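As structure tokens, the structure follows; a few thoughts come after it.
Predicted, not measured: the structure shown is a model, and the values here were computed from it. The chains referred to below are lettered A, B, ... by the order of the sequence lines, with proteins before strands, and numbering in each begins at 1. All heavy atoms count here, side chains included; hydrogens, waters and symmetry mates do not.
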2 protein chains.
Amino acid sequence: MSLPHALLTSLVEKPSSGYELARRFDKSIGYFWHATHQQIYRELARMEGQGWVASSAVDGGRAGKREFVVLPAGRDELRRWAATASEPMELRDELMLRLRADAALGPLGLAEEFERRLDLHRQKLQAYRAIESRDFSAPHLPREAQLRYLILKAGIQFEEGRILWTQDALATLRAGGD
Amino acid sequence: MSLPHALLTSLVEKPSSGYELARRFDKSIGYFWHATHQQIYRELARMEGQGWVASSAVDGGRAGKREFVVLPAGRDELRRWAATASEPMELRDELMLRLRADAALGPLGLAEEFERRLDLHRQKLQAYRAIESRDFSAPHLPREAQLRYLILKAGIQFEEGRILWTQDALATLRAGGD
DNA sequence: CCACCCATGTAACTAGTTACATGATTTC
DNA sequence: GAAATCATGTAACTAGTTACATGGGTGG
């Protein structure tokens, strides 16, 4: 279970409300770890119960707004978790299943969907490239920025690979017979 | 929900028992779509209820062994589903969270885990390469084989990319400061 | 006769998604 | 004063995982 640790990291970076975290999980962090606001609120409540974070009303904030900060126990937990091993992500793309269905049943007209995917991958790559030139184009990056850049580079590499692969697939799908 | 369609495809390729499907989902198909035997049995029961597949006792098989075949309604469903759009797979690797935690808290000694990952990626690539030379080294592949090869190539590309990325990450982690 | 593989399932749990619900504040 | 955004949550559901359970057949 990694969501609590994703939240801890995000809160170490900057104490925030559930709402703010939800927005961050739709943007920067969301590029490699997605979560909805419902999940986030539920998890924050659990984490508070465990003494990993504490919340307080925000001066000058809206009614009901609560800001969460990481407690020492939360930092300890994050450090402990970061040192544990984890399994590499699984490849799990429905498009592969569709390709295999096409192979089993005969041509099903998948080219259109591959075109759509190609577009999506290009858009995502463009978004990543924009972040790259905005945040990581300085000649000497501090360690912290280098690590965050590494995460982005994993995304860039993935999208670039998928673009090439999708083009290969389109050529095969359109080549007709054998 | 894609598991039923993965099972339909697998059963179109070859009528099988739940046990045989479970083994296939640990090998070839499992490389891009994993499922446990519990999930498979549950799903087969549902699919039979919907009239997509039918089961019968196997002559000369063990007691209780049932073989599933795809019914016309199941083929129709598979064809219908294959033509629908789907979202690209999500990047969701715990290692990225750990990198970000390291960036937020300071060096946590992740290099060891990256070494381990590097090994795993190399092993997986080797396994893929073995399948490649066993099944797809003929000069002219029929359409069906070309499509199945495409799926494998997506896996090969992913592992190769990750190997390069992990080496980059190790260099950064070991470079010490900025 | 013991261990391993074949072959089936149930039950309980965890993580994630979708739908619903409410109310305050800011902006046009 | 209406619409958009801020800000919080509950409830029901789906998919996937882990633990448990049973029994027949085969090979050493």
Could you pick out which residue, G18(A) or R42(A), lies toward the 5' side of DNA chain D when each is mapped onto its nearest nucleotide?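 Whichever sits nearer the 5' end wins; that is G18(A).
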Can you check the [X] [atom1] to [N] [atom2] distance for me, whole Å?
{"X": "E67(A)", "N": "dA7(D)", "atom1": "CD", "atom2": "P", "value": "10 Å"}
{"X": "W33(B)", "N": "dA15(D)", "atom1": "CH2", "atom2": "C1'", "value": "10 Å"}
{"X": "D26(A)", "N": "dG16(C)", "atom1": "CG", "atom2": "P", "value": "15 Å"}
{"X": "R24(A)", "N": "dA7(D)", "atom1": "CZ", "atom2": "P", "value": "13 Å"}
{"X": "Y41(B)", "N": "dT17(D)", "atom1": "OH", "atom2": "P", "value": "17 Å"}
{"X": "L3(A)", "N": "dA15(C)", "atom1": "CG", "atom2": "P", "value": "9 Å"}
{"X": "E43(B)", "N": "dT8(C)", "atom1": "CD", "atom2": "P", "value": "16 Å"}
{"X": "H37(B)", "N": "dT22(D)", "atom1": "NE2", "atom2": "C1'", "value": "11 Å"}

Check the pair R46(A), E43(A) against salt bridge (charged side-chain N to carboxylate O under 4.0 Å, His left out), reporting the backbone distance first and the verdict last. CA-CA 5 Å; R46(A) 279 185 205 158; E43(A) 211 55 60; 3.2 Å; yes
Could you say whether S17(B) or A63(A) is positioned toward the 5' end of DNA chain C, judged by the nucleotide with the nearest heavy atom to each?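 It is S17(B) whose nearest nucleotide is closer to the 5' end.
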Among [options], the one nearest [X] by side-chain distance:
{"X": "Y19(B)", "options": "dG9(D), dC6(C), dA11(C)", "answer": "dC6(C)"}
{"X": "Q38(B)", "options": "dT8(D), dC20(C), dG9(C)", "answer": "dG9(C)"}
{"X": "M1(B)", "options": "dC6(C), dA15(D), dT17(C)", "answer": "dA15(D)"}
{"X": "E20(A)", "options": "dT14(D), dA7(D), dG9(D)", "answer": "dA7(D)"}

No-H, no-angle donor-acceptor pair, [X] side chain to [N] base, under 3.5 Å:
{"X": "R46(B)", "N": "dT14(D)", "answer": "no"}
{"X": "R62(B)", "N": "dT22(D)", "answer": "no"}
{"X": "H34(B)", "N": "dG16(D)", "answer": "no"}

Please check the phosphate of [N] (OP1 and OP2 only) for any side-chain N or O of [X] closer than 4.0 Å.
{"X": "R23(B)", "N": "dC6(C)", "answer": "yes"}
{"X": "R66(B)", "N": "dG9(C)", "answer": "yes"}
{"X": "Q39(B)", "N": "dT17(D)", "answer": "yes"}

Got a donor-acceptor contact below 3.5 angstrom from the W165(B) side chain to the L150(A) backbone?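 Yes: the side chain of W165(B) pairs with the backbone of L150(A).
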Full working for salt bridge (charged side-chain N to carboxylate O under 4.0 Å, His left out) between R66(A) and E48(A): CA-CA 12 Å; R66(A) 287 191 298 148; E48(A) 193 165 26; 3.4 Å; yes
Specify whether W81(A) and H5(A) have parallel, tilted or perpendicular ring planes, treating 30° as the upper limit for parallel and 60° as the lower limit for perpendicular. parallel
Decide if atom CD of E115(B) counts as having more than 12 heavy atoms of other residues, nucleotides or ligands within a radius under 6.0 Å.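 Correct, the count exceeds 12.
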